[in-house]
Amino acid sequence: MKNKTVIVTGAARGLGQKYALELAKAGASVVAADINSCEETKKIIQENGSDCLSLELDVTDFSSCKELAIKTLEKFNKIDVLINNAALYGTLKSGRFEDIDSDQWDRAMNVNVKGVWNCCRAVVPTMREQKSGSIINIASLAAIYGMPYAADYAASKAAVLGLTRVIAREVGKDGIRVNSVAPSMVKTDSAEEFLGEKAERAFDVIAKGQILQKTLEVDDIYGTILYLASDQSKFVTGQTLMVDGGSVLL
Ligand SMILES: NC(=O)c1ccc[n+]([C@@H]2O[C@H](COP(=O)([O-])OP(=O)(O)OC[C@H]3O[C@@H](n4cnc5c(N)ncnc54)[C@H](O)[C@@H]3O)[C@@H](O)[C@H]2O)c1
């Protein structure tokens, strides 16, 4: 990843922070952006001897996303990779589809879908000029499997898959690739928050439903992110890569 500039949204904690730290270790210049402070992410990256720009970002606000692109260009002169990882997950209250709070539904769509669209349209003009770029949209197994009691979340992540395919077709001629990664459940603070007291049982049931019967760990996803961010995947676009131990077979 040497000489690559990577933006990671939702990099204050959880999976986004992990992607930022690992991509920096792999040699990338990282922009860590989140609605919460990414100073901790930046500090760890700098302690490990790499460069990092930490920015506050609200993905639902297009001007905030444009600012992200402008500040990235000012510091690193290019944008090679965008990882659309920011999302609402743990704070969404699970329930039957007909009982989901209407405001919560709107918030999930606003952050998880509009946020991805906003960040894509903020960076694509730069990637077009460069004639290169890789966009990685974080979806979820929830979208493909149809995770019960999470209709808002699952629908928002299914929309991410649709958006990925459309944008991939529209920007391919400009040398830009767009793919989705769909992980199964990972033990992050957000996942535990979402599952509450049912967490242990849920992880167990999910693991037993996979071909590879173990709970997905943060380290298990990063290789797929690195592959899509790097030129090793240069002929791969519009795809959904499941990182789910073989829960669903596409
Ligand atoms: N943990 C899992 O089991 C799992 C499984 C499949 C997919 N995912 C996806 O992976 C990603 C990361 O998951 P996580 O478990 O680390 O979740 P998380 O809640 O810890 O991280 C999400 C981050 O997004 C940020 N964010 C929320 N709203 C934002 C906004 N408007 N603008 C900018 N940033 C905002 C949050 O502050 C947070 O740091 C999410 O897209 C999630 O849907 C997670």
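Counting starts at 1 for both ligands and their atoms, in listed order.
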Heavy atom to [atom], shortest distance: which of [options] holds it?
{"atom": "atom 40 (C) of ligand 1", "options": "N85, N36, V59, T60", "answer": "N85"}
{"atom": "atom 33 (C) of ligand 1", "options": "V160, D189, L88, L57", "answer": "L57"}
{"atom": "atom 7 (C) of ligand 1", "options": "C65, A142, G14, A139", "answer": "A139"}

> Can we call the ring centroids of Y19 and Y222 under 6.0 Å apart?
Replying inline: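 Not under 6.0 Å, so no.
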Closest approach of any protein heavy atom to [atom], naming residue and atom:
{"atom": "atom 31 (N) of ligand 1", "value": "D58 OD1, 3.0 Å"}
{"atom": "atom 4 (C) of ligand 1", "value": "Y89 CE2, 3.8 Å"}
{"atom": "atom 19 (O) of ligand 1", "value": "S190 OG, 2.8 Å"}
{"atom": "atom 10 (O) of ligand 1", "value": "I138 CG2, 3.4 Å"}
{"atom": "atom 3 (O) of ligand 1", "value": "V186 N, 2.7 Å"}
{"atom": "atom 1 (N) of ligand 1", "value": "T188 OG1, 3.1 Å"}
{"atom": "atom 36 (C) of ligand 1", "value": "D34 OD1, 3.4 Å"}
{"atom": "atom 20 (O) of ligand 1", "value": "R13 NE, 2.7 Å"}

> Are any side-chain N or O atoms of S50 and backbone N or O atoms of Q46, one a donor and one an acceptor, separated by less than 3.5 Å?
Replying inline: no
>> By the definition side-chain contact (heavy atoms from CB on, under 4.5 Å), identify the one residue from N137, V160, L163 that meets it with W117.
In response: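 Option passing the side-chain contact (heavy atoms from CB on, under 4.5 Å) with W117: L163.
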Does ligand 1 have an atom that lies less than 4.0 angstrom from a heavy atom of [X]?
{"X": "P183", "answer": "yes"}
{"X": "K157", "answer": "yes"}
{"X": "S184", "answer": "yes"}

Answer yes or no: are there more than 12 heavy-atom neighbours, outside [X] itself, under 6.0 Å from its atom [atom1]?
{"X": "K2", "atom1": "NZ", "value": "no"}
{"X": "R169", "atom1": "CZ", "value": "no"}
{"X": "K208", "atom1": "NZ", "value": "no"}
{"X": "E47", "atom1": "CD", "value": "yes"}

Any atoms of ligand 1 less than 4.0 Å from a non-hydrogen atom of [X]? List them with their elements.
{"X": "A87", "result": "22 (C), 24 (O), 27 (C), 40 (C), 41 (O), 43 (O)"}
{"X": "S140", "result": "6 (C), 7 (C)"}
{"X": "Y153", "result": "7 (C), 8 (N), 9 (C), 42 (C), 43 (O)"}
{"X": "A191", "result": "1 (N), 3 (O)"}
{"X": "V111", "result": "28 (N)"}

> Closest heavy-atom contact between G238 and R165?
Replying inline: O-CG, 3.7 Å
> Is there any N or O on I35 that sits under 3.5 Å from an N or O of ligand 1?
Replying inline: yes
> Short N/O distance, under 3.5 Å, between L15 and ligand 1?
Replying inline: yes
